[in-house]
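Structure first, then comments.
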Amino acid sequence: MRIPESKIEEIRSTASIVDMISEYVQLRKRGKNYIGLCPFHNEKTPSFTVSDEKQIFHCFGCHTGGNIFKFLMEYKKISFVEAVQEVAEQLGIPLEYYESAGYEEQQSDQEMLYDINTEAAKYFLNNLLKDNEAEIARVYLQKRNIKQQTIRTFGLGYTLRGWENFVNYAKEKKIDLEKAVTLGLAGKHPDGRYYDRLPGRLIFPIFSPNGRVVAFAGRVLDPNEKGGKYINSPESIIYNKSRILYGLSFAKDEIRRLNKAIIVEGYMDLISLYQNGVKNVVAVSGTALTDEQVQLLSRYTKDVVLLFDADTAGIKASMRSIEILLKRDMEVKIVSLPQGEDPDSFVNKFGKDKFEDLLKKAENFIEFQTRYFEAQGMFNDSHTAAETIREVVKPLALINDELKRNLLIKNIARKFNLREKLLEAEFDKVIKRSSSQRSTEIRTTTKEKAESTLSEEITEQKKANPVIYNLEKDIIKLLFEGNSSILNFIHNNIKAEDFAIKIHMRLAKVVYEEIKHEKQIDADKLIEDIKNDELQSYVREIVFEKHSISSNWEERNPGVTPEQLLQKYTKDIVLSFKLHKIDKQIKENHNKIENTELEEDTLKLMSANRELAREKDRLREKFSEIEIE
């Protein structure tokens with residue numbers, strides 16, 4: 001069953017986001033907006049902002065935001081459909097549901113995949129709780145001390161043996177089996193027959209940060225079963241394993257509250273810790289810690305404790321993770337478990353208090369690495385000792401904080417009774433090597449990391465091109481205001497390709513596409529259609545900023561209505577943008593004149609600059625006469 005897009009739009013446009021959020025958060029008016037203490041992280045000064053005009057909310061502290069549906073999904077940990085149902089019920093709007101294939105074709109692929117995963121998760125959970133065959137899974141969980149409430153919290157499930165149990169269920173529920181194949185829930189024989197891909201396994205649903213099921217991991221329970229211990233969902237448009245941290249949707253509130261995250265390796269490690277009251281935990285599960293996962297985690301805290309198994313593989317995983325965390329300016333500590341223990345076994349044997357005592361003994365990465373190398377006998381002769389000290393120094397090159405770096409160098413110097421200058425010389429060598437390596441990485445991975453480095457790109461553009469950055473940002477804000485006359489004016493005078501900053505070009509294209517199809521421009525709907533969470537947050541922050549109209553400018557225009565003032569402001573911003581582009585071209589031509597030795601080229605460039613200067617005069621005259629209608 002699905003809700004028509006037109007009905008969702010009716011509910012969204014009828015709801016008052018201020019009225020509905022006021023039921024959960026105490027809001028007070030400030031200017032055009034409302035502010036209050038954020039319900040998603042602890043704060044003393046309100047940074048949670050709600051716009052009645054644009055029907056969106058945004059927290060400037062933790063960057064959570066969206067429309068009324070997103071608020072309810074985050075606050076109540078419910079699905080999108082459940083949020084729509086709740087708002088509709090409050091507004092007294094009767095819901096319509098469709099099951100026809102015709103409607104399914106209209107719904108976005110992304111939402112359909114979410115719906116299929118949600119339906120599958122319910123089916124697997126029901127199997128685990130009620131089916132006789134699932135006794136093997138219930139016994140296994142009982143031996144691991146997992147309670148039924150925890151099973152329900154994490155949505156654990158079981159897949160029945162045989163090859164058509166889920167397939168038959170999917171047919172009964174009119175689930176698109178081709179999409180089930182895409183999600184890894186089913187497979188397809190060459191002759192076109194479908195089969196269950198995960199039979200006879202304990203199921204761990206994998207959730208996005210906002211609590212939607214994006215994938216599954218199936219653990220084998222029968223030791224005689226062939227195949228890998230785990231079968232994981234393939235990547236899809238809703239699941240990229242390098243960008244997902246298992247358990248983050250359950251842990252993020254506690255991570256914000258404690259300003260600390262514990263990273264473990266496995267699903268059961270996390271679940272056991274959570275059940276025992278240690279809730280600020282996430283798991284990498286099935287992949288080495290990635291740069292994208294660290295970036296995601298950095299939205300909630302900069303303080304991380306690594307808690308991997310005490311075996312060799314766990315220690316190596318810790319070593320790799322340290323470098324990735326340091327690159328993101330994270331504060332890293334490592335907890336060493338007793339030999340033969342993992343987080344799951346330790347907390348079940350010794351309890352939460354002993355576990356927290358262990359956390360208090362967490363070492364910084366220098367202490368951890370040094371102790372590990374000592375245990376390996378790496379300091380027993382001068383040659384290996386020198387190479388090992390170089391290895392200890394290496395991670396310092398990843399730390400941007402100079403004071404912290406110098407303190408760590410002093411620490412190493414004391415530890416090994418070495419002169420600081422000697423270590424600094426080694427450090428300089430590492431810096432040179434890493435700079436060269438980073439240059440190569442940037443050239444080869446720019447495209448891959450385009451989305452994951454959005455915040456860095458914005459920061460770099462602010463520093464490199466502050467004038468053009470601010471002009472473009474103000475234009476983007478005006479585009480998302482929804483004022484049709486201003487939208488058309490900007491659209492007629494600035495092409496999307498005219499934006500120098502790629503992020504702004506991308507956002508302009510989103511708005512221009514709506515104008516092209518003559519759609520009503522609503523900020524909350526536009527922002528919702530942007531699929532990148534970080535980009536959504538950036539737009540919300542722009543939208544909530546005040547226009548940078550100075551007070552003395554208002555004083556110079558007494559008696560002017562706010563609408564007229566906004567129109568004048570828009571004309572000035574667009575004119576400044578166009579003039580700045582011409583000035584940039586003139587400057588480039590000047591640089592060419594200084595470097596050319598051919599008189600003919602010099603004359604051409606001088607002529608081009610005179611024409612550009614005349615173009616500036618024509619633009620000023622045109623914009624002095626033009627009216628926004």
Requested in this report: Kindly determine whether I116 and T182 satisfy side-chain contact (heavy atoms from CB on, under 4.5 Å), including the steps that lead there.
Outcome: CA-CA 11 Å; I116 291 168; T182 299; over 6 Å; no
Requested in this report: Decide yes or no on salt bridge (Lys or Arg N to Asp or Glu O under 4.0 Å) for K241 and E292, but give the supporting numbers first.
Outcome: CA-CA 10 Å; K241 66 180 179 182; E292 291 93 336; over 6 Å; no
Query raised in the report: Could you walk me through whether K578 and K616 pass the side-chain contact (heavy atoms from CB on, under 4.5 Å) check?
Result: CA-CA 9 Å; K578 294 174 85 68; K616 286 174 68 176; over 6 Å; no
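For E497, the CD atom is densely surrounded, since the number of other residues' heavy atoms within 6.0 Å is greater than 12. Other residues, nucleotides and ligands place more than 12 heavy atoms under 6.0 Å from the CD atom of Q585. When the shell of 6.0 Å around NZ of K587 is examined, it contains 12 or fewer heavy atoms from other residues, nucleotides or ligands. Within a 6.0 Å sphere centred on CZ of R30, heavy atoms belonging to other residues, nucleotides or ligands number 12 at most. Few gaps surround CD on E588; more than 12 heavy atoms of other groups in view lie less than 6.0 Å from it. In the displayed structure, E627 atom CD is contacted under 6.0 Å by at most 12 heavy atoms of other residues, nucleotides or ligands.
A donor-acceptor pair shorter than 3.5 Å cannot be found between the side chains of T301 and D303. With hydrogens and angles left out, the side-chain atoms of H41 and R256 include no donor and acceptor closer than 3.5 Å. Side-chain contact, S6 with E10: no donor N or O sits under 3.5 Å from an acceptor N or O.
Geometrically, K252 does not engage Y300 in a cation-pi contact, judged by NZ or CZ lying under 6.0 Å from the ring centre and within 45° of the ring axis.
Note on ring orientation: taking the six-membered ring where Trp is involved, the planes of F60 and F544 are perpendicular (angle over 60°, cut-offs 30° and 60°). Using bins of under 30°, 30° to 60° and over 60° for the plane-to-plane angle, the ring pair H491/Y512 lands in the perpendicular bin. Ring geometry for Y469 versus H504: interplanar angle of 30 to 60°, hence tilted. In this pair, F48 and F57 present their aromatic rings tilted. The plane angle is within the 30 to 60° band.
Rounding to the nearest 0.5 Å places CZ of F154 at 10.5 Å from CZ of F204. Summarising the geometry, atom OG1 belonging to T49 is positioned 6.5 Å from atom CG belonging to N33; distances are rounded to the nearest 0.5 Å.
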